[in-house]
Amino acid sequence: MSDRGADSDGWQRLDKRAVLVTALVMAGVAGGVCVPVLFGLSGGAWFGDGPRRGSGILLLLAGAVALVLGGAAVEYVRWTRTRYRIGPERAELHSGLLLVKRRSLARERIRSVDLTASPLLRLLGLVKVRIGTGEHTGGGESTLELHPVSRAEGERLRRALLDRPPAPAEAGHRNGELAVLDPRWIRYAPLSFVAPLLGGAAAGAVMQVSDWFGAQDEVIGWVGDRFRDTPVVWVVLTLAVVALLAGAVGALGLWVEMWWNYRLEREPGGTLRVRRGLFTTRSLSIEERRLRGVELVEPFGVRLTRAARVDAVATGLAKAEEDQHADHKTLLPAVPRAVADEVAARVLREAVSPTGAPLTAHPRAARTRRLRWGVGAALLPVVVLAVLGAVLTDVLLYAAGAGALVLLPLAVFLALDAYRSLGHGTSGGYLVARSGTARRATVALHRGGVIGWTVKQSYVQRRAGLLTLTATTAAGAGAYHVHDADESEGLRFADAAVPGLLEPFLERGAPRGQ
């Protein structure tokens, strides 16, 4: 029975091709992982001459067949015991053999229906459907996952469950396409922190695979021969550049896989829909009534080219532990800053994006604090090396001097950059706050979404006339900070941004300067 068939009481099964999907996946695991691992563990002894070689191959084939058939059998049992029903009031899912699990979601609480299709699912015309309420109850009780159903069934479920009365299109903010892929955006991919991580991972993978096949010494020897008469410093720099180039290539490939065919749309029912992906396609939905603002994120490398990405600040977005392979909050990848502001304005239905509003600078005492932190962090390893050098060897003293020449200017630069990034203000109905240096973020949070303020002031901050304000909300990260604002100005800002929340605090003691 396919997912198009239904019992008399409305219960439906998943697509029967789930068994084929599992069999193919297990075959890939057997061929791509089990064989090399067993070969590496055996040191090639299983593939000797004569009968030993034949018995080793037969044993591996038998293990692969058992893995494929066993996986398919387990999946068949799961398929026979899994049913779902979309009724007029509830969406229900029953699964399990001995311990039957029953999950049920009220249709009026359903906030997202996301479709994902890996290359294998796309080849078979299938998708994985994730139905969520936007709540976090633990144990996945706020979501139903149908894996797999046909693409037509997935689209039917998405339309049926997210069917809302058409939202009126405000002047200048019509429904339809809000942003579409510009291939030139790919130039920002190598500037992210992903590139060096992928470069390091590639180097580690080369060493691991060579170790599996007993060729690690040969690989190390080949690299050594290439740099036989080269100073150690140049060897390290060359290998680092090669790793970075490999990471940049990997980052480009990852960006293409994640963002190809990207499209951001506003549907008539008031739902933002992001569609993207080259091999694995994704369709992610966010209801506008759950939207509380946006966040403009500028990682350091991307920021150097005046680019930024746009994230949604909304209630009920999937957390990383719920779905580690989908970034549900990103509405727009890294693009030119002007484009990011323009798309943010369209998403918020504003004429001008609040993320581009002028912000209040923070006092110089905030800059002094960051300089102290930065210089102190830079001096700590220098002092440790100097002390050890005085006791053990002069080489460590030279290392301490070199560290001071490199780390101190870098610390001062980052501290000043962190200070310049500080800012806060209001723009229309939004509270705006900016901070960060390695990852500078500008959040525009709707004032109606702020449910409370937390005011923190350490002893050092109190002496400097500073404080840190935290706007708490049910959306996004749950808390957004205004670091090291002037004490008097910060309290006035918080009270003006969300009137009434700080009145009891202000009545007990007026801030300094009033």
Side-chain angles (χ1 to χ4, degrees), residues 292-298 300 311 313 354-355 357-380 411-514:
R292 299 294 180 268
V294 296
E295 189 174 26
L296 225 66
V297 181
E298 304 168 271
F300 187 79
D311 290 352
V313 178
T355 55
L359 302 179
T360 300
H362 289 208
R364 292 186 177 182
R367 181 181 64 183
T368 302
R369 291 196 73 200
R370 277 148 186 77
L371 286 170
R372 288 174 179 170
W373 293 339
V375 172
L379 284 179
L380 180 61
V412 171
F413 169 78
L414 293 177
L416 294 177
D417 181 71
Y419 169 71
R420 287 191 296 267
S421 296
L422 293 176
H424 63 274
T426 57
S427 176
Y430 292 87
L431 153 70
V432 185
R434 186 182 65 202
S435 63
T437 179
R439 177 190 181 275
R440 188 168 77 178
T442 305
V443 62
L445 183 63
H446 196 279
R447 300 188 195 188
V450 178
I451 59 178
W453 284 103
T454 300
V455 181
K456 293 184 179 180
Q457 190 176 44
S458 66
Y459 174 76
V460 175
Q461 284 180 309
R462 187 161 54 250
R463 287 180 58 86
L466 304 174
L467 53 76
T468 295
L469 297 162
T470 301
T472 57
T473 177
Y480 294 93
H481 307 284
V482 179
H483 296 284
D484 288 338
D486 178 79
E487 183 178 2
S488 300
E489 193 279 329
L491 291 176
R492 288 196 300 269
F493 157 75
D495 185 52
V498 189
L501 289 182
L502 280 182
E503 282 184 1
F505 178 80
L506 295 175
E507 289 173 358
R508 284 196 299 269
R512 181 180 301 180
Q514 289 188 339

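FYI, side chains are in, hydrogens and waters are out, and symmetry mates aren't considered; it's all heavy atoms of this structure.
- The minimum heavy-atom distance linking A366 with L466 is given by the pair N-CD1, 3.8 Å.
- For Y480, there are no ring pair (Phe, Tyr, Trp, His ring centres under 6.0 Å) partners two or more places apart in sequence or in a different chain.
- The local environment of CZ in R439 is crowded, with over 12 non-hydrogen atoms from other residues, nucleotides or ligands closer than 6.0 Å.
- Here the shortest heavy-atom pairing between K456 and Q461 reads O-OE1, 3.7 Å.
- Here the closest heavy-atom approach between residue S458 and residue R369 is recorded as OG-NH2, 4.3 Å.
- Atoms CG and CG, from D486 and L491 in turn, are 9.0 Å apart once rounded to the nearest 0.5 Å.
- Here H483 pairs with H481 under the ring pair (Phe, Tyr, Trp, His ring centres under 6.0 Å) rule; sequence neighbours left out.
- A side-chain donor-acceptor contact under 3.5 Å links T472 to the backbone of G452.
- L431 and R447 make their closest contact through N-CG, 4.2 Å (heavy atoms, listed as atom of the first residue, atom of the second, distance).
- The backbone N or O of D417 sits nowhere less than 3.5 Å from a side-chain atom of T437 that would complete a donor-acceptor pair.
- The two residues A378 and A411 have their closest heavy-atom pair at CB-CB, 3.8 Å.
- Scanning both residues, E295 and A441, for their nearest heavy atoms gives OE2-CB, 3.4 Å.
- Using a 4.5 Å heavy-atom cutoff, the side chains of L422 and R370 are in contact.
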Check: Given the rule in the side chain to side chain contact (heavy atoms under 4.5 Å, CB included) test, do L296 and R434 qualify, once you have shown the distances and angles that lead to the verdict?
Finding: CA-CA 9 Å; L296 225 66; R434 186 182 65 202; over 6 Å; no
Next item on the list: Take V455 and L469, measure what side chain to side chain contact (heavy atoms under 4.5 Å, CB included) needs, and give me the verdict at the end.
Entry: CA-CA 5 Å; V455 181; L469 297 162; 3.7 Å; yes
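- Contact check for V412 versus L371: side-chain heavy atoms found under the 4.5 Å cut-off.
- Panel note: side chain S421, backbone G436; a donor-acceptor pair is recorded below 3.5 Å.
- Inter-residue side-chain proximity for H446 and T473 is flagged as unmet; no heavy-atom pair is nearer than 4.5 Å.
- Between H362 and V482, some side-chain heavy-atom pair lies under the 4.5 Å cut-off.
- In this structure the side chain of W453 never reaches within 4.5 angstrom of the side chain of D495, judged on heavy atoms.
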